[in-house]
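Keep in mind that this is a model prediction, so the values were computed, not measured.
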Amino acid sequence: MNNPGAHIWIPELKEKFGATKGRPFSVIENGVQKVYFTAMYPDVETGDKASRFVAKRQWDNVGGDIVKFVKAYTRNNNPQEIAGYVQTISQYLKN
């Protein structure tokens, strides 16, 4: 709810933006099942600020490399899906 970036809940987002835990979901990472929660915010404006914060931090962590950013942000390794994200982000950065 009110999370346009569809990012996960972490304690830092609770502290900075008042995020609460949303629905849980599980993923397999390196052969281990992990449970995460979506982040929820009291309003769209706060969720947007938090989403921009999360995206900027990921962008900075990968030095602005679009492919690395997509893989880190989405945790997706499907080449076709990554290519789609890369194309969309590349178009956005040109504008």
Side-chain angles (χ1 to χ4, degrees):
M1 178 194 291
N2 298 323
N3 181 350
H7 54 267
I8 63 171
W9 179 92
I10 58 172
E12 181 179 15
L13 296 175
K14 178 182 177 182
E15 294 167 15
K16 289 183 183 284
F17 301 99
T20 57
K21 289 181 181 179
R23 290 188 299 199
F25 64 95
S26 62
V27 294
I28 305 294
E29 292 180 357
N30 299 319
V32 177
Q33 184 174 6
K34 294 191 174 192
V35 175
Y36 294 100
F37 296 87
T38 56
M40 293 177 30
Y41 298 94
D43 54 64
V44 175
E45 182 179 342
T46 303
D48 183 59
K49 287 179 184 176
S51 292
R52 291 174 186 274
F53 170 82
V54 169
K56 181 171 181 345
R57 183 167 60 189
Q58 283 286 7
W59 184 260
D60 291 346
N61 284 344
V62 298
D65 182 299
I66 299 173
V67 174
K68 288 180 182 177
F69 171 79
V70 169
K71 287 180 178 180
Y73 192 87
T74 66
R75 297 182 182 202
N76 186 333
N77 287 314
N78 179 302
Q80 290 177 321
E81 291 180 23
I82 290 170
Y85 282 114
V86 168
Q87 182 179 10
T88 300
I89 292 169
S90 295
Q91 287 296 92
Y92 176 77
L93 291 175
K94 288 179 185 177
N95 294 330

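Rounding to the nearest 0.5 Å gives a distance of 11.0 Å between CG of Asn78 and NZ of Lys71. Atoms CG and NZ, on Asp60 and Lys56 in that order, are 3.5 Å from each other to the nearest 0.5 Å. How far CG of Asn3 is from OG1 of Thr20: 10.0 Å, rounded to the nearest 0.5 Å.
Residues Phe25 and Val54 fall within the same hydrophobic cluster, defined by Ile, Leu, Val, Met, Phe, Trp and Tyr side chains chained together at heavy-atom separations under 4.5 Å. Hydrophobic clustering places Tyr92 together with Tyr73 (ILVMFWY residues linked when any side-chain heavy atoms are closer than 4.5 Å, directly or through intermediates). If you chain together hydrophobic residues whose side chains sit under 4.5 Å apart, Met40 and Ile10 never meet in one group. One hydrophobic cluster holds both Val70 and Val27 under the rule that ILVMFWY side chains link at heavy-atom gaps under 4.5 Å.
Crowding of Glu12 atom CD: a count of heavy atoms from other residues, nucleotides or ligands under 6.0 Å exceeding 12.
Among residue pairs with one or both ends in residues 26-42, those qualifying as side-chain hydrogen bond (donor to acceptor under 3.5 Å, both in side chains) are His7-Tyr41, Ser26-Gln33, Glu29-Tyr36, Glu29-Arg75, Tyr36-Arg75; sequence neighbours excluded.
The closest donor-acceptor contact from the side chain of Asn2 to the backbone of Gly47 lies at 3.5 Å or more, if one exists at all.
Listed by chain and residue number, nothing satisfies the ring pair (Phe, Tyr, Trp, His ring centres under 6.0 Å) test with Tyr85 (two or more places apart in sequence, or in another chain). For Trp9, the ring pair (Phe, Tyr, Trp, His ring centres under 6.0 Å) test picks out no residue, with sequence neighbours left out.
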Intermediate values then yes/no, side-chain contact (heavy atoms from CB on, under 4.5 Å), Trp59 and Ile66: CA-CA 8 Å; Trp59 184 260; Ile66 299 173; 3.7 Å; yes
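Counting only heavy atoms from C-beta outward, the side chains of Phe69 and Thr74 never approach each other to under 4.5 Å.
Taking all atoms of both residues into account, the shortest heavy-atom contact from Asn76 to Ile82 is O-CD1, 3.2 Å. Annotation for Gly22 and Phe37: closest pair O-CD2, 3.3 Å, computed over non-hydrogen atoms. In this structure, Ala39 and Ala19 approach most closely via the heavy-atom pair CB-CB, 4.4 Å.
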